[in-house]
Amino acid sequence: SGGELLGVISLYELAPVIREYNEEEIRLLSLFAAQAAGEVQTIRLLDQTRRRIKELEAISRVSSVMRATETVEEMFPALLDETLAVFDLEVGAVMIFNPETGILDVRSSRGWLDGFFGSAINPGEGVIGGTFASGKTYVSTDLRNDPGFLDRFSSLVPNGWGTAIV
């Protein structure tokens with residue numbers, strides 16, 4: 001063996017005829033297991049490679065779209081649209097810190113987040129402002145009932161939605 005254990009192969013027999021496996025049969029079973037383990041590793045590596053290629057292609061597409069925009073205001077919707085497409089999602093927003101006002105402004109939104117357009121959030125306020133202030137990614141599987149979510153926006157969030165904020 002010597003490699004990472006990936007699983008087991010188990011064979012079962014019903015009495016009264018239960019064989020006593022000899023060394024040759026155990027060796028053959030071990031060869032099958034080793035062959036399967038090698039194939040599993042190969043498939044895992046191929047999957048990882050395919051995922052990485054998809055990620056790099058997505059980064060390239062987002063980069064191309066952003067370079068093609070002529071103004072910052074055109075960039076935000078393009079960035080959001082490409083990001084949503086990569087993750088196969090329909091709802092999202094881009095908020096940008098405005099140093100003159102000291103707040104985060106919604107610059108582009110899609111889906112039910114269009115109700116947020118024109119909203120402003122202070123750094124440190126709620127899950128969005130908290131993410132901005134801390135610089136740490138925030139994930140919630142139930143945004144509407146999240147204790148960090150701002151009450152003033154809860155009516156805009158349908159039940160059952162989660163979020164990832166970076």
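Numbers here are sequence positions counted from 1.
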Quick one, [X] and [Y] - any side-chain contact, counting heavy atoms below 4.5 Å?
X      : Y      : result
Val62  : Leu79  : yes
Leu29  : Tyr21  : no
Asp142 : Asp146 : no
Pro77  : Arg110 : yes
Arg50  : Asp47  : yes

From [X] atom [atom1] to [Y] atom [atom2], the distance as rounded to the nearest 0.5 Å:
X      : Y      : atom1 : atom2 : answer
Glu55  : Arg52  : CD    : CZ    : 5.5 Å
Leu89  : Thr83  : CG    : OG1   : 10.0 Å
Met95  : Thr131 : CE    : OG1   : 11.0 Å
Leu150 : Asn122 : CG    : CG    : 9.5 Å
Ile165 : Lys136 : CD1   : NZ    : 15.0 Å
Ile103 : Glu125 : CD1   : CD    : 9.5 Å

Handout entry: Which atom of Leu113 lies closest to which atom of Gly92, heavy atoms considered
Key =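 Closest heavy-atom pair between Leu113 and Gly92: CD1-C, 3.4 Å.
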Handout entry: Between Tyr138 and Ser140, a side-chain donor and acceptor under 3.5 Å
Key =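 Checked: Tyr138/Ser140 side chains show no N/O donor-acceptor pair below 3.5 Å.
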Handout entry: SB check Glu57 Lys54 (cutoff 4.0 Å)
Key =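 No, Glu57 and Lys54 are not salt-bridged.
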Practice task
On the 0 to 90° scale, with breaks at 30° and 60°, tag the Trp112-Trp161 ring pair as parallel, tilted or perpendicular.
Solution key: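 The arrangement is perpendicular - the two ring planes meet at more than 60°.
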